[in-house]
Amino acid sequence: MKKLILLGSTGSIGTQALEVARAQGYQVTGLAAGSNITLLEQQAREFKPVAVAVFNETAAQQLKISLADTDIKVLSGEVGVCELAAMEGDTVLNAIVGIAGLKPTLAAIRAKKTIALANKETLVTGGDIVKREAAKNGVSILPVDSEHSAIFQSLQGAPKGSLKRILLTASGGPFYGKKREDLENVTVEAALKHPNWSMGAKITIDSATLMNKGLEVIEAVHLFDVLPEQIEVLVHRQSILHSGVELSDGAVLAQLGTPDMRVPIQYALTYPQRGVCFEHLDLFKAATLTFEKPDTETFRCLPLCMEAISRGGVCPAVVNGANEAAVAGFLAGKIRFLQIADLVQAALEKAPNIPQFTVEDIFAADAQARALVAESIR
């Protein structure tokens, strides 16, 4: 029986991962969350892990009292989440949102766990370090994002060196077809209405700005060892073709399916085997598949991410940190939607040049970017 440690268990990806765990009969040995201890307690009582961890120290103490009638160990803070990531288990599925997922991923890698990665910021901010540690410890990193899973699946059986180009699809988000003047006064509620996918608030806003797609470009560079210019972003409104690859002979291979995150989650956990079918794709209902170029003048976060990965160093960490802070400001009603890209650009313009960086450099660059955004929001 496969033993699974799930980080970010109360979020959208985490709850769907537990659906897969139920379907596959996996033993869940560890669960971690940010602060939603009500749901975490329910999960813990159902799956009976060895331990749970909560980033929020106060919430962890409350959960410890709630689970006092069980043998489940309760850990707290970043240290506790990292400890959990290194505990007994075969696979660590990291679905934490944001840069907070980087250190737990490294802890799991150093404990020689297979990584099922839904936390894109792990590779966005620390790609070179993470890949180096994975190679050193003989650890596989399997993508959970639907797009990267589709690329990974499309490459199965492709000869080494045959990848010419990655075709990375984007839904276009809730503001597809809009221009800058249309987005001056959009509300948080409108930005959270994604047409196809059910995701957490932060990722849904990132989809609306196309920042999510920019971060996925950076992630793909690291996952598949390609140059940024080998990645083409395609706006595909139907979210049926999840991404694909063009090979050296011109053949294009792609993965299609319903917009259901349980499929890529399951593939990362069962690889190289296939699991159960949650929902069949009816191509007659899908009918038409369309593809367009993204509007990078209106949705500037995408080209800013392309610039960041081209510059390298801690630049991707800077745009990621600035975006996390700006999105939080937008969700709190402190800034307008279009200011998110403005603040990301301002932070990138001041990004330090550190080609050879450490984990400490990453978090310092992240803090600097957040401080810049905070100062601008005041």
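The basis for the numbers below is simple: all heavy atoms, side chains too, and nothing from hydrogens, waters or symmetry mates.
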Any ion pair linking [Y] and [X] (charged N to carboxylate O, less than 4.0 Å)?
X: D128; Y: R132; result: no
X: E232; Y: K293; result: yes
X: K112; Y: E133; result: no
X: K73; Y: E88; result: no
X: K48; Y: D71; result: no
X: D295; Y: R180; result: no
X: K131; Y: D225; result: yes
X: K213; Y: E147; result: yes

Is it the case that [X] and [Y] place a side-chain donor and acceptor less than 3.5 Å from each other?
X: S149; Y: Q255; result: no
X: N94; Y: T105; result: yes
X: N212; Y: K120; result: yes
X: Q42; Y: E46; result: no
X: T15; Y: E19; result: no
X: S76; Y: E57; result: yes
X: N320; Y: D366; result: no

Exercise: identify the closest heavy-atom pair between [X] and [Y]:
X: G329; Y: I377; result: CA-CD1, 4.2 Å
X: L4; Y: A21; result: CD2-CB, 4.4 Å
X: A33; Y: S9; result: CB-OG, 4.4 Å
X: I13; Y: A118; result: CG2-CB, 4.0 Å

A cation-pi test, strictly: NZ or CZ of R274 under 6.0 Å from the centre of the six-membered ring of Y267 and no more than 45 degrees from its axis. Yes or no?
yes

Relative to F175, does K193 satisfy both conditions: NZ or CZ under 6.0 angstrom from the six-membered ring centre, and within 45 degrees of the ring's axis?
no

Is I205 reachable from V235 through a run of hydrophobic residues whose side-chain heavy atoms are each under 4.5 Å from the next?
no

Between D249 and K164, does the salt bridge (charged side-chain N to carboxylate O under 4.0 Å, His left out) criterion hold? Intermediate values first, please.
CA-CA 9 Å; D249 61 356; K164 179 180 178 183; over 6 Å; no

Are the side chains of E78 and F55 in touch, meaning some heavy atoms are under 4.5 Å apart?
yes

Would you say the rings of F224 and F152 are close, in the sense that their centroids are separated by under 6.0 Å?
no

Side chain of K113, backbone of L93: donor and acceptor closer than 3.5 Å?
no

